[in-house]
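Have a look at the structure below, then the notes.
FYI, the numbering just counts along the sequence from 1. Everything numeric in this text was worked out from a predicted model, so none of it was measured.
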Amino acid sequence: MRKSERMRIVIAPDSFKGTASAVQVAEAIAAGWRDVRSGDELIELPMADGGEGTLDAFELAVAGATRMPVEVTGPDGRDVQASWMLLPPTEGLPGGTAMVELAETSGLPLLKRLDPLGAHTLGFGQAIADALDHGVSRLLLGIGGSASTDGGTGALVALGARLLDDRGEPLPLGGAALERIAEVDLSGLRSLPPSGALVLSDVTNPLLGPSGAAQIFGEQKGADARQRDRLDAANAAWARAVAQVAHVDPATPGAGAAGGTGFGLLLWGARLASGATTIADAVGLDACLAAADLVVTGEGRYDAQTDSGKAPAIVAARAELASVPLALVAGAITAPPADGVVALSLTDLAGGAAAAMADPLTWLREAGRRLAARAA
């Protein structure tokens with residue numbers, strides 16, 4: 001890493017979940033760096049994995065990205081003012097690309113109170129439909145942070161599918177209602193856009209069973225043990241009904257993402273992809289690393305799970321390929337970073353986890369100062 005001369009620094013962190021968005025993290029680190037080295041070129045490139053904050057990352061990183069407001073039905077039936085992101089046309093994608101984030105439309109924080117059996121993804125499908133109405137060429141669908149375990153059925157209903165009971169009546173929305181599913185009618189289901197849909201998620205769980213959507217993620221959505229069993233059985237009924245009209249394997253890695261929304265989108269014909277990898281490509285990480293002197297990445301907790309495809313691991317791998325030195329800033333560091341990586345823990349800087357979490361932006365700025373001082 002060159003020192004003293006004007007340097008090019010790429011700041012590409014993930015969010016510090018629950019305390020600071022990726023945009024806020026990048027801004028704070030950049031502010032601290034400028035406190036020490038104001039003449040350097042800083043490229044703020046907040047990262048994401050398809051969950052909350054993905055739209056913000058695209059808005060900052062992609063020139064010409066435009067938020068498209070849309071009113072949808074939230075996960076508990078109340079109206080939600082949401083948006084999706086229109087990315088500009090490129091070669092082969094004349095209608096542009098729509099980035100639709102489930103957390104914006106059907107996310108857990110949108111609930112007035114937890115409703116594990118009745119929450120649904122209808123609003124997510126409504127936002128997708130709005131993007132299709134706009135004429136986009138491709139969809140990127142971020143599915144982190146869901147409030148429901150409805151197998152993606154709400155989204156499919158919004159896109160024209162009909163889920164019927166044994167009397168031929170439409171089922172109510174929500175995961176528990178799938179216990180009574182008898183028929184899946186896809187005759188009115190809208191087509192994918194011309195260049196298809198990619199589902200962005202780094203969750204690899206199947207739809208069903210001990211590692212499935214209900215059993216692993218149901219508790220954080222308010223489901224007790226009995227409700228988790230009930231939701232798992234309801235989604236099994238959903239999978240059996242789907243098997244009568246299409247071949248979609250509920251054991252597919254990622255089918256259990258976002259309460260089974262991965263499974264529902266597979267039925268529609270979407271493809272699953274690594275959220276962090278796809279977003280790194282979409283926001284131009286490799287181009288930003290060209291001629292960079294340092295890349296700074298990070299997340300709220302750097303641990304043994306980070307290397308399993310999380311955003312900081314993707315940034316680190318791309319930095320290594322580009323022969324760019326790496327620095328890591330994390331709220332807490334519980335696994336050893338790779339050799340040669342400069343690592344700063346906010347917990348250490350603040351003198352404890354509570355202090356770091358109480359004022360993360362102050363300590364992120366201090367981390368930026370410390371990193372810049374090393375380059376002075």
Side-chain angles (χ1 to χ4, degrees), residues 49-51 75 102-103 106-108 114-121 124 141-157 161 163 165-166 171-184 186 198-276 303-305 307-310:
D49 59 10
L102 184 149
S106 307
L108 194 61
L114 296 176
D115 185 8
L117 302 181
H120 55 76
T121 53
F124 183 47
L141 306 175
I143 62 170
S146 75
S148 64
T149 312
D150 75 344
T153 53
L156 292 176
V157 167
L163 311 183
D165 63 19
D166 57 8
L171 290 178
L173 295 169
L178 296 173
E179 294 169 326
R180 299 190 284 112
I181 192 166
E183 182 184 351
V184 180
L186 302 180
L198 281 181
V199 181
L200 310 185
S201 173
D202 291 311
V203 169
T204 57
N205 300 71
L207 177 65
L208 306 172
S211 6
Q215 299 296 356
I216 296 299
F217 304 110
E219 184 175 5
Q220 69 193 45
K221 301 171 187 182
D224 60 27
R226 186 174 179 179
Q227 289 171 325
R228 293 196 295 274
D229 288 344
R230 184 179 173 189
L231 287 166
D232 189 59
N235 274 277
W238 163 227
R240 289 192 297 271
V242 165
Q244 303 304 309
V245 297
H247 180 67
V248 183
D249 187 355
T252 301
T261 301
F263 179 77
L265 293 174
L266 285 170
L267 173 59
W268 190 34
R271 294 186 294 115
L272 301 179
S274 163
D303 56 23
Q305 299 301 311
D307 284 341
S308 62
K310 289 189 177 182

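Of all non-hydrogen atoms in L266 and A255, the two that sit nearest each other are CD1-CB, 4.4 Å. Across every non-hydrogen atom of A270 and V199, the tightest pair is CB-CG2, 3.7 Å. In terms of heavy atoms, G222 sits closest to Q227 at O-OE1, 3.5 Å. Pairing each heavy atom of A257 with each of I143, the nearest pair is CB-CD1, 3.7 Å. Scanning both residues, H120 and S106, for their nearest heavy atoms gives O-CB, 3.9 Å.
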Q. Between L117 and R230, does a side chain to side chain contact (heavy atoms under 4.5 Å, CB included) hold up when you go through it step by step?
A. CA-CA 9 Å; L117 302 181; R230 184 179 173 189; 3.4 Å; yes
Q: Please lay out, stage by stage, how L267 and F263 fare under the test side chain to side chain contact (heavy atoms under 4.5 Å, CB included).
A: CA-CA 6 Å; L267 173 59; F263 179 77; 5.6 Å; no
Q: Test R180 against L171 for side chain to side chain contact (heavy atoms under 4.5 Å, CB included), laying out the working first.
A: CA-CA 8 Å; R180 299 190 284 112; L171 290 178; 4.0 Å; yes
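Residue L102 holds its CG atom at 6.0 Å from OG of S146, rounded to the nearest 0.5 Å. Interatomic distance, L141 CG to F124 CZ, rounded to the nearest 0.5 Å: 4.5 Å. Note that CG of L265 is 13.0 Å distant from CZ of R271, once rounded to the nearest 0.5 Å.
With hydrogens and angles disregarded, no donor-acceptor distance shorter than 3.5 Å links the side chain of D232 to the backbone of R228. In terms of modelled atom types and a separation under 3.5 Å, the side chain of D115 and the main chain of G118 share a donor-acceptor contact.
Other residues, nucleotides and ligands place no more than 12 heavy atoms under 6.0 Å from the CD atom of E219.
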Review item, side-chain donor-acceptor pairs of residues 243-254, under 3.5 Å, at least two apart:
unit_1 : atom_1 : unit_2 : atom_2 : d
D249   : OD1    : A251   : N      : 2.9
T252   : OG1    : D249   : O      : 2.7

Donor-acceptor list for residues 147-156 side chains, cut-off 3.5 Å, not counting sequence neighbours:
unit_1 : atom_1 : unit_2 : atom_2 : d
D150   : OD1    : T121   : OG1    : 3.3
D150   : OD1    : G152   : N      : 2.9
D150   : OD2    : T121   : N      : 3.0
D150   : OD2    : T121   : OG1    : 2.9
D150   : OD2    : G154   : N      : 3.0
T153   : OG1    : D150   : O      : 2.7

Table please: side-chain donor-acceptor pairs of residues 202-218 below 3.5 Å, with sequence neighbours left out.
unit_1 : atom_1 : unit_2 : atom_2 : d
D202   : OD1    : S274   : OG     : 3.1
D202   : OD1    : G275   : N      : 3.2
D202   : OD2    : A276   : N      : 3.3
N205   : ND2    : S211   : O      : 2.8
Q215   : NE2    : D229   : OD1    : 2.9

